[in-house]
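What follows is a short report on a single structure.
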Amino acid sequence: MSTSSNLLPISSMNISSIIQQNVIEAVQELYGAMVASDTVQITSTRKDFVGDYTVVTFPFTKVSGKKPEEIGAELGEYLVARVPHVASYNVVKGFLNLVIGDGFWLDFLQAIYENEDYGVAEPKGEKAMVEFSSPNTNKPLHLGHIRNILLGWSTYKILEASGYEVIRVQIVNDRGIAICKSMLAWQKYAGGATPESAGVKSDHFVGKFYVLFEQKFQEEYKAWQLSEGAAVYASKHKAGQDEAGFFKDFKNTYFNEYSALGKEAKAMLLRWEAGDGATLELWRQMNSWVYAGFNDTYNSLGVAFDKLYFESETYLLGKDTVDQGLESGVFFRKPDGSVWIDLEDAGLDQKVVLRSDGTAVYMTQDIGTAQLRYRDFGVKRMIYVVADEQNYHFQVLFEIMKRLGEPYAAGLHHLSYGMVDLPSGKMKSREGTVVDADDLIEEVIGEARKDSSERDTLAGVPAAEQEEIIQKIALAALKFHIIKVHPKKRMTFDPKESVDLQGQTGPYIQNAYVRIRSVVRKAEQLGSLAAAADYAQTEPAEKELLTQLYAFPDVIETAAREYDPSHVASFCYNLAKSYHRFYHDHSILGAADEAARDFRLMLSIATSNVLRKGMDLLGIDMPDRM
RNA sequence: GGCUCCGUAGCUUAAUGGAUAGAGCAUCUGACUACGGAUCAGAAGGUUAGAGGUUCGAGUCCUCUCGGAGUCACCA
């Protein structure tokens, strides 16, 4: 537990901003020039050089008329004389390396080592919303959803840690032709079967009927191609187009205009829209199966939502806004009655927002949903976690919101992420290469269980607790493997690598934490850590840990600003790596004297807290043993 | 074709415009009488797709070329 009384106000003593401020003053005093704060670059010193922080002096050559080395020496003198924490300096070319005194680091460590919330910023008093997962209700979740969910969840955690009040939402696509296909297939072919009677997880059960519909439809389409279809091909194909190519392109038209199954599915959608009782009942039944299945998957991933929006309730929203926008001239009407917006001066195209028959499109609904969310929660910041295939859609949406003058328009952000490929190539549902979320989770747990049984580290632990630990390890492996990659990058997901437990992995980081827990358990009978205050000679490995711990709040800030959890992932890995090296090279409980032992215990505890907090931001739990 | 994004070691990847491009996997070689070896140390592996440009300084910014992906629906 943290005791707030002995905490220093970490944010107000940020050393690099103190240095920055003093450099600005120094440049003014020494060279009589004002420099903007962003021209003063403070970085942490690279490993091969002596020092903790480095000031780049190249930018001051013009205002001073001096060589970078000279400037470095003059600034160094100034800083050592004026800033209490700066103990010494050295200059290498245009780089001024500053050494921060041990006293500063000891105070810092003293202030944070018991604070389990170190790194978390003060509340900003602002609300943000993160939309993620957002599945369709006709199929179970797959690997792509997992990337989405992990990004959404960690973005929520990171924004929360940076001071926002965050509302987690998903928009559930529970209506439309797709769910009608599943419903129809169930009605025709299931013979009254239920997930219970079939012994199948309920969302997979519904998915099976969606696939079955597609199969039956394909059979019907094939048969048609051999009969009436031939004449249609003869009259409608373009020059140079062969039959296979023609029928591939013609599939949608066939579904809409020729198919008996298509006709039935569309009739069902009409009955749904008309509010037909039996249809609605079937629809509710199918969807409730799917939700039960999704909830199981969300639970095993450890995620939850504050609010669900259903398209069945939002798909008519936005039409009023279009009417108002027509009057104010944001939109215009074409002769056929459809309503458009012209975004060509913003480098985009013209875009339809209302069909000629007056019905809404996807865009209309998204306009209305954003407004609804603002009314519901007053959020000025909305983050949409959606794959990059929808980049254009969100560019258009945000531009429209801006032109409508919505007060939160500047706070809309599309967290766009790349698709997940397999080593064998793209995931394709038609070819059965989609990696199912539940299968994948089960597989990584199986691998972790196998691996764990080969070690005897959990010998004395009760079976139920063992299982819990194994799940933590497995999920850490899977989650870290996905979240460490920059969101924007299209990623190749190798299932073999995702269950790795060594190297740059979640379990590697967990292991650093577990080692610390083990040492602390052994040290608990040793009493207080008061002697640490006498420790004067920090080792390089210790210094490295301290500077990394010191950077934690900045890492959270950067990850929040850039909507990029992978920063936190790299940070955790680097911290764990430094700790493993420190642990290997220096004895903690067997240190030369009491001061060194207490200091190292303190350092270890601080590291374990930051590792746990950092991994928590990624949605990864830490076990106490493994 | 227009627009957008991506291209870093065999593979997976990192790097607010700053120093000798940093890791992991795989390969090879070492380290347990040890606070947990899911660890550590070392070797080898790079013309950052290519060519120009801006800059004191470019993987990063600009232009062009090549390669890959996405999108350009009165679908969602």
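Scope of the values below: all heavy atoms of this structure, side chains included, with no hydrogens, waters or symmetry mates. The chains referred to below are lettered A, B, ... by the order of the sequence lines, with proteins before strands, and numbering in each begins at 1. Just so it is clear, the structure is predicted and the values come from calculations on it, not from any experiment.
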Inter- and intrachain pairs under salt bridge (Lys or Arg N to Asp or Glu O under 4.0 Å), touching residues 564-588 of chain A, at least two apart | A:Glu544-A:Arg581
Along nucleotides 19-30 of chain B, 5' to 3', which nucleotides get a B, which get an S, and which get a -, given that the test is a protein heavy-atom distance under 4.0 Å?
-> BS--BSS-----
Below 3.5 Å, can you tabulate the donor-acceptor pairs from side chains in residues 138-148 of chain A to any protein atom, sequence neighbours excluded?
| unit_1 | atom_1 | unit_2 | atom_2 | d |
| --- | --- | --- | --- | --- |
| A:His142 | ND1 | A:Gly144 | N | 2.9 |
| A:His145 | ND1 | A:His142 | N | 3.0 |
| A:Arg147 | NH1 | A:Gly418 | O | 2.7 |
| A:Arg147 | NH1 | A:Lys489 | O | 2.9 |
| A:Arg147 | NH2 | A:His486 | O | 3.2 |
| A:Arg147 | NH2 | A:Pro487 | O | 3.3 |
| A:Arg147 | NH2 | A:Lys489 | O | 3.0 |
| A:Asn148 | OD1 | A:Ser133 | N | 2.7 |
| A:Asn148 | ND2 | A:Val385 | O | 3.0 |
| A:Asn148 | ND2 | A:Tyr417 | OH | 3.1 |

Residues of residues 350-361 of chain A with any non-hydrogen atom less than 4.0 angstrom from an atom of RNA chain B: list those, numerically ordered, please.
-> A:Val352, A:Arg355, A:Ser356, A:Val361
Starting from Watson-Crick (N1-N3 plus N6-O4 or O6-N4) and G-U wobble pairs under 3.5 Å, report the runs of at least three that RNA chain B belongs to.
-> B:1-7 with B:66-72, B:10-13 with B:22-25, B:27-31 with B:39-43, B:49-53 with B:61-65
What pairs of nitrogen or oxygen atoms, one from the protein and one from nucleotides 1-10 of chain B, lie under 3.5 Å apart?
| unit_1 | atom_1 | unit_2 | atom_2 | d |
| --- | --- | --- | --- | --- |
| B:C6 | OP1 | A:Lys488 | NZ | 3.3 |

Taking only residues two or more places apart in sequence, or in another chain, which ones meet A:Asp357 in a side-chain contact (heavy atoms from CB on, under 4.5 Å)?
-> A:Arg355, A:Thr359
Partners of A:Arg521 by salt bridge (charged side-chain N to carboxylate O under 4.0 Å, His left out), sequence neighbours excluded?
-> none
Determine which pairs satisfy ring pair (Phe, Tyr, Trp, His ring centres under 6.0 Å) with at least one residue from residues 38-71 of chain A, sequence neighbours left out, and list them in order.
-> A:Phe58-A:Phe95
Report which part of the nucleic acid A:His481 touches: base, sugar-phosphate, or nothing (heavy-atom distance under 4.0 Å, all strands).
-> nothing
Within the pair A:Tyr508 and B:C40, is there a side-chain N or O less than 4.0 Å away from OP1 or OP2?
-> yes
If you look only at distance, which donor and acceptor atoms sit under 3.5 Å apart when one is on a side chain in residues 506-514 of chain A and the other is two or more places apart or in another chain?
| unit_1 | atom_1 | unit_2 | atom_2 | d |
| --- | --- | --- | --- | --- |
| A:Gln510 | NE2 | A:Lys472 | O | 3.3 |
| A:Gln510 | NE2 | A:Asp621 | O | 2.9 |
| A:Tyr513 | OH | A:Arg612 | NH1 | 2.7 |

Could you tell me which residues satisfy salt bridge (charged side-chain N to carboxylate O under 4.0 Å, His left out) with A:Asp52, sequence neighbours excluded, listed by chain and number?
-> A:Lys543
Check whether any side-chain N or O of A:Lys426 sits under 4.0 Å from OP1 or OP2 of B:G70, and answer yes or no.
-> yes
Considering residues at least two apart in sequence or located in another chain, which fulfil the salt bridge (charged side-chain N to carboxylate O under 4.0 Å, His left out) criterion with A:Arg333?
-> none
